[in-house]
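What follows is a short report on a single structure.
Quick caveat, the model's predicted, so the values are computed rather than measured. The first residue of the sequence shown is numbered 1, and numbering continues consecutively from there.
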Amino acid sequence: DFINNMTHEFKTPLATISLAVDALRNNKVIEDRTRMDYFSGIIKEENKRMNKQVETILQAALLDRNEVQLNLKKLHAHELIDSALNNIYLQIEEKKGKIDINYAATKDELMVDDVHFTNLVSNLLDNAVKYSQDNLQIKLSTYNTANHFYIKIEDNGIGMNKETVSRIFEKFYRAHTGNLHNVKGFGLGLSYVKTMVNAHHGSIKAESVPGKGTIFTTSIPLFK
C-alpha cells in the first residue's frame, strides 16, 4: 500500500517537472528571462510539493489505523485551490485544454489541513485531465450554502457508468478505460480524496454520463 500510494502521489509532480524541463530546453524560452523564471519556478514548487507528499504518504499509511493527525488551521480555501491549479496548468496546456474558473463563494474560510486539502483538490483535477478526451475542458466553481463551502469540478472526459460511480471511492478500484492506454495508477487517488473529505467532516459526490464527462462536488463546513 505504501509503495502504491507513493507512486500515485508522485506521478503528477514528476510529469509537471518533466514538461517544465522540456520547456527550458526550448531556444525561445532560453532567450526569455521571464519564461525561464516561470518554468524554473514551477520546478521549484513541484519539488517542494514532492517533499510535502513524503509527509502526506506517511500520514496516509496511518489512515488505515485511524491514526492520521490533521494539522488544522483557519485558511482561505480559494488560496489553496489556486495552489492546486498552479500544479495542473502545465498538463492542461500540454493537452491543449481549457479550464474555466468561477469563484462564486463569498465565504471561503475553513478549518483545514493545507497539505491534505490542496492534495485532494489536486487529485480531482488530475483525474479530470487523466480521463480526458480530445478538446479537454474543465470547469471549476465554488459556492456557498449557509454553513458549507462547495467545490465543483466538471470535465468533458470519458465519463463513468453507474456501477463505476458507485464504486469510484473504493481503495484500489480502477475504472475500465477502454483504449486509454496512457492512464496509469493504482486506484488510490479518489479513495484518498474520500478519506480526506471525511476527515474534514465534509462530503463528496460523483455524477457522470459515459462519453459526456464527470462532475465531482465537494462540501466542507465553513469556519464558524
Minimum-distance pair of heavy atoms, taken over all atoms of N144 and T106: OD1-N, 2.9 Å

Test of understanding: with salt bridge (Lys or Arg N to Asp or Glu O under 4.0 Å), list the residues that count as partners of E45, not counting sequence neighbours. K48

Please, which pairs that meet ring-ring contact (aromatic ring centres under 6.0 Å, His included) have at least one residue in residues 194-224, sequence neighbours excluded? none

Cluster link V209 to Y131, ILVMFWY, side chain under 4.5 Å: no

Going from CG on D114 to CG on L70, what distance comes out if it is rounded to the nearest 0.5 angstrom? 10.5 Å

Under the side chain to side chain donor-acceptor pair (under 3.5 Å) rule, what do N198 and T195 come out as? Steps first, then yes or no, please. CA-CA 5 Å; N198 290 345; T195 301; 5.9 Å; no

Is K95 reaching over with its side chain to a backbone N or O of V129, donor-acceptor style, under 3.5 angstrom? yes

Non-hydrogen side-chain atoms of K96 and L136 separated by less than 4.5 Å: no

For A84 and S122, which heavy atoms make the closest approach, and how far apart are they? CB-OG, 3.5 Å

So does G157 get a backbone contact from the side chain of Q133, meaning a donor-acceptor N/O pair under 3.5 Å? yes

Could you state whether Y89 and I151 fall into the same hydrophobic cluster, counting links through intermediate Ile, Leu, Val, Met, Phe, Trp or Tyr residues with side-chain heavy atoms under 4.5 angstrom apart? yes

Go through the steps for L222 and E109 under the test side-chain contact (heavy atoms from CB on, under 4.5 Å), then give the verdict. CA-CA 6 Å; L222 285 166; E109 280 194 333; 5.9 Å; no

Spacing of M196 atom CE and N119 atom CG [to the nearest 0.5 Å]: 9.0 Å

I43 and F39, any side-chain heavy atoms less than 4.5 Å apart: no

Take I204 and T218 through the side-chain contact (heavy atoms from CB on, under 4.5 Å) test and state the conclusion after the steps. CA-CA 4 Å; I204 184 167; T218 307; 3.4 Å; yes

Check the hydrophobic clustering (I, L, V, M, F, W, Y; side-chain heavy atoms under 4.5 Å; chains of links allowed) and say if I215 and I99 are grouped together. no

For M160 and P210 the tightest heavy-atom approach is O-CD, 3.3 Å

Taking the side chain as C-beta and beyond, is there a heavy-atom pair between L125 and L140 under 4.5 Å? yes

Can you name the nearest heavy-atom pair linking A20 to I42, along with the distance? CB-CG2, 4.1 Å

Contacts of type salt bridge (Lys or Arg N to Asp or Glu O under 4.0 Å), residue D100, not counting sequence neighbours: none

First locate atom NZ of K194, then atom CD of E170, and finally report the distance between them rounded to the nearest 0.5 Å. 11.5 Å

Quick one: does any side-chain atom of S18 pair with a main-chain N or O of L14 as donor and acceptor, under 3.5 Å? no

Is the backbone of N123 close enough, under 3.5 Å, to the side chain of N127 for a donor and an acceptor to pair up by distance? no

Got I92 and I138 here, is their nearest side-chain heavy-atom distance under 4.5 Å? yes

Which heavy atom of M111 sits nearest to which heavy atom of L72, and what is that distance? O-CD2, 3.8 Å

For F149, enumerate each residue passing the ring pair (Phe, Tyr, Trp, His ring centres under 6.0 Å) test, keeping only those at least two apart in sequence or located in another chain. H78

Rounding to 0.5 Å, atoms NZ (K224) and NZ (K74) come to a distance of 13.5 Å

Spell out, as yes or no, whether a donor-acceptor pair under 3.5 Å connects the side chain of D155 to the backbone of G213. no

Once ring pair (Phe, Tyr, Trp, His ring centres under 6.0 Å) is applied, do any residues pair with H76, and if so which ones, sequence neighbours excluded? none

With rounding to the nearest 0.5 Å, note down the distance linking CD in E94 to CD1 in I88. 12.0 Å

Sub-4.5 Å side-chain heavy-atom contact between E207 and T217: yes

Between L190 and L124, is there a side-chain heavy-atom distance shorter than 4.5 Å? yes

Can you tell me how far the CG atom of D22 sits from the CD1 atom of I17, to the nearest 0.5 Å? 12.0 Å

Can you confirm whether N102 sits close enough to T142 that some side-chain heavy atom of one is under 4.5 Å from a side-chain heavy atom of the other? no

Verdict with supporting geometry, K28 and D32, side-chain contact (heavy atoms from CB on, under 4.5 Å): CA-CA 7 Å; K28 290 182 180 178; D32 187 332; over 6 Å; no

Passes side-chain contact (heavy atoms from CB on, under 4.5 Å), D108 versus E79? Steps please. CA-CA 9 Å; D108 74 332; E79 292 178 8; 5.7 Å; no

Distance only, no hydrogens: is a donor on one side chain within 3.5 Å (strictly under) of an acceptor on the other, for T34 and D37? no

Please tell me if the side chains of F117 and L110 come closer than 4.5 Å, counting only heavy atoms from C-beta onward. yes

Least distance between heavy atoms, I168 atom then A206 atom: CG2-CB, 4.5 Å

Which residues share a ring pair (Phe, Tyr, Trp, His ring centres under 6.0 Å) with Y143, sequence neighbours left out: Y150

